[in-house]
Amino acid sequence: MPSTPRCVLAAALIAPAWALGQPAGQPATPVPPTHPALPSSPALPSSPALPASPARPAATPAGPPLIAAATIDNADLAVDPAIASIRITFDRPMRTDRFSICGGGPTFPVSGQPSWADDRTLILPVTLKPGSTYSFSLNCPSAQNLRSASGDPLRPYPISFATRKPTDPTPRLTDALRTSGLAALRTAILSGYSHRELKGVDWDRRLTDMAPRFAAATTPSAFARAVAETLRPANDLHASVSVGPFTLQTASRFVQPNLIESRLTSRLQSPATSKAGIVTGLLATSAAAAPIPYIRIPTWAINPADLDPALAFLRQHAKAPGIVIDIRPNAGGDESVARRFASCFVTAPAVYARHRTVDPSAPGGFAPAAERRISPDDAPVRFSGQVAVLMGPANMSSCESFLWMIRAGVPSPRSRLFGERSFGSSGNPKPHDLGNGVTVVLPSWIDQDPDGNPIEGRGIEPDHHVPGGADASLPEDPVLAAALAWLPVAPARSPTRPGLPLPDAPPVPAPIPIPHRRSSRPFPPAPADRPPCAPPLRSPGPPRYPRSA
């Protein structure tokens, strides 16, 4: 199969026409009597046997279908490269006329046409090499043809695995490692997980219910999958499990940012995109007004130096009356990077957030609340105009901290948040080694707004709620339109090219001095009673010469 950036296989197979069998227990043929009947008691013909009740089908589980078993599963290590197919078994009958296998490139292992062995079993032909890593996904956000017979799609299920080299041993778990790993997991959850009570899960019961799954785990990978399944009811995006080079997420979300890229293309003048994906440009408003600067930062998971293009653009337009900061696709990252950028707009030091960190030795298991501050003293650039921030449901974690920075540090007449409520998730995750090759990563703090209200599960409401940012049927971006209506505008600087600012005028050069014409006749000497002095400076015009004696 040729390598492609992303390949989605979706085949339409011909469903077999199953023959309908006869119902079980057909009526039996009457049997003649073996003895003559007495006259006073005539023999009655044998009653036909009643048909047996058909077997009652097992109840179909509620909700989307699940993976019941996979011969190669997510995070498997030291897989035999000689394996020629992967067998996926579902927990219920599936539609066998379609499927979606997502992936692509050299790490995509599927090398032929998948097929259904029956309505619960999908066969994927693969070609593997020793010492290699592979990945694919059963369904993905853009293709969800794997569906149950009732039409419910399988939640995207990624599978990444590594094949072994000839000299690699097969990793195994002993009973002692299983027992110690489970004890370490219990301690990590009950003592080191900041959201253990906030998520409303009975963790003692959950660990007890999962005990058979842990007992059946014969490899670190199987144990890691059991840990991930144990944490799944919390639906915590900051909780994960790692084994070898693989990370297993315990929660997932598929959020469409309230932003459609194509609607900005026609309005953005002189756009530029940095290596980190930061977009800068000028937004045209009207023929009589100068355009408004625009900066979009898609993530805070960047190095501080990656902010330089945005800072240079901000420095260039530092005297603009207003600016649009678009963070609608931003899901967080490094809070210190977000703070460095936000400080450019802050006018006075402010507390923008608080947090309580897990501390098993403290009363209640948490240290006292600590404050997080922002100051204009850290600003690499100063911008004093009005700031419109575009936000939405994709924002979470450190990006929500950025929203608090703007709200707390920039006076309300100068800043506004436009869009929809943020997601509401933060954690400052920390690793816990389970001692058997598996590490669980759990949130270590409860993030709070300046008033002490937790962010988890609540999110941040904008100052101006504007729905419909992801609605492609709308003629323009409603979130951006609301922000532009609030921002002040400056008059256009050029009557010939309205809406485009003129470049700064170059400095006026000093007049070039015109040398005096040389004369063969010498100047008269200065009088003895008057000291010599320099001739007066004169501006342009022909030089004036003294008369000769």
Taking every non-hydrogen atom, the tightest pair across Thr285 and Ala290 | OG1-O, 3.7 Å
N-O pairing of Asp451 and Arg354 below 4.0 Å | no
Verify salt bridge (Lys or Arg N to Asp or Glu O under 4.0 Å) between Asp308 and Arg315, making sure each step is shown before the conclusion.
-> CA-CA 10 Å; Asp308 289 349; Arg315 187 177 294 109; over 6 Å; no
Output yes when a side-chain donor or acceptor of Asp463 lies under 3.5 Å from a complementary backbone atom of Leu417, and no otherwise.
-> yes
Identify all side-chain donor-acceptor contacts of residues 299-307 below 3.5 Å with residues at least two apart in sequence or on another chain.
residue, atom, partner, partner atom, Å
Thr299, OG1, Ala301, N, 2.9
Thr299, OG1, Gly332, O, 3.2
Asp306, OD2, Asn303, N, 3.0

Aromatic ring pairing Phe418/His464, orientation class (parallel under 30°, perpendicular over 60°, tilted between) | parallel
Is there a side chain to side chain contact (heavy atoms under 4.5 Å, CB included) between Arg407 and Ile460 once you walk through the steps?
-> CA-CA 11 Å; Arg407 180 167 279 175; Ile460 300 172; 3.6 Å; yes
Should Arg458 and Asp447 count as an ion pair when the cut-off is N to O under 4.0 Å?
-> no
Using the side chain to side chain contact (heavy atoms under 4.5 Å, CB included) rule, take Glu229 and Arg206 through it: C-alpha gap first, then chi angles, then the decisive distance, then the call.
-> CA-CA 10 Å; Glu229 187 62 29; Arg206 181 63 180 166; 4.0 Å; yes
Given Ile406 and Phe402, is the side chain to side chain contact (heavy atoms under 4.5 Å, CB included) satisfied, shown in steps?
-> CA-CA 6 Å; Ile406 296 296; Phe402 175 80; 3.9 Å; yes
Value for CG (Asn330) from CD1 (Ile325), rounded to nearest 0.5 Å, stands at 12.0 Å
How many angstroms lie between atom CG of Leu146 and atom CG of Leu138, to the nearest 0.5 angstrom?
-> 6.0 Å
Any donor and acceptor pair, going by atom type alone, linking the side chain of Arg339 with main-chain N or O of Met405 inside 3.5 Å?
-> no
Please tell me if the side chains of Asn74 and Phe161 come closer than 4.5 Å, counting only heavy atoms from C-beta onward.
-> no
Hey, what do you get for CD (Glu261) to CG (Asp477), rounding to the nearest 0.5 Å?
-> 10.5 Å
How far apart are the closest heavy atoms of Ser135 and Pro109, and which atoms are they?
-> O-CD, 3.6 Å
Of the non-hydrogen atoms in Gly469 and Glu420, which two are nearest, and what is the gap between them?
-> N-OE2, 4.3 Å
Could you check whether the rings of His317 and Phe313 sit parallel, tilted or perpendicular, using 30° and 60° as the cut-offs?
-> tilted
CG of Leu487 to CD1 of Ile323: how many Å apart, nearest 0.5 Å?
-> 9.5 Å
Closest non-hydrogen atom pair between Leu282 and Pro291, with its separation | CB-CB, 3.8 Å
If only atom types and distance count, is the side chain of Ser398 paired as donor or acceptor with the main-chain N or O of Gly333 below 3.5 Å?
-> yes
Could you tell me which non-hydrogen atom of Val410 sits nearest to which non-hydrogen atom of Ser415, and how far apart they are?
-> O-OG, 3.3 Å
Interatomic distance, CE@Met391 vs CG@Leu259, rounded to 0.5 Å, equals 14.0 Å
Are the side chain of Asn139 and the backbone of Arg155 linked by a donor-acceptor contact shorter than 3.5 Å?
-> no
Can you tell me if Ser194 uses its side chain to pair, donor with acceptor, with the backbone of Pro443 under 3.5 Å?
-> yes
Between the CH2 atom in Trp404 and the CD1 atom in Ile374, the distance rounded to the nearest 0.5 Å is 13.5 Å
Over 12 non-hydrogen atoms of neighbours within 6.0 angstrom of CD in Glu371 | yes
Shortest non-hydrogen contact from Ser240 toward Thr247 | CB-CG2, 4.0 Å
Is there a donor-acceptor contact under 3.5 Å linking the side chains of Asp73 and Tyr157?
-> yes
Is there a side-chain contact between Phe223 and Val243 (heavy atoms, below 4.5 Å)?
-> no
Under 3.5 Å donor-acceptor, Arg356 side chain and Trp445 backbone = no
Within the side chain of Arg296, is there an N or O that forms a donor-acceptor pair under 3.5 Å with the backbone of Arg328?
-> no
Would you say Arg340's side chain and Pro380's backbone share a donor-acceptor pair under 3.5 angstrom?
-> no
Ile101 and Phe108: CA distance, side-chain angles, deciding distance, side chain to side chain contact (heavy atoms under 4.5 Å, CB included) verdict | CA-CA 10 Å; Ile101 313 299; Phe108 189 64; 4.1 Å; yes
Does Met396 offer a backbone N or O that forms a donor-acceptor pair with the side chain of Ser425 under 3.5 Å?
-> no
If only atom types and distance count, is the side chain of Asp326 paired as donor or acceptor with the main-chain N or O of Tyr294 below 3.5 Å?
-> no
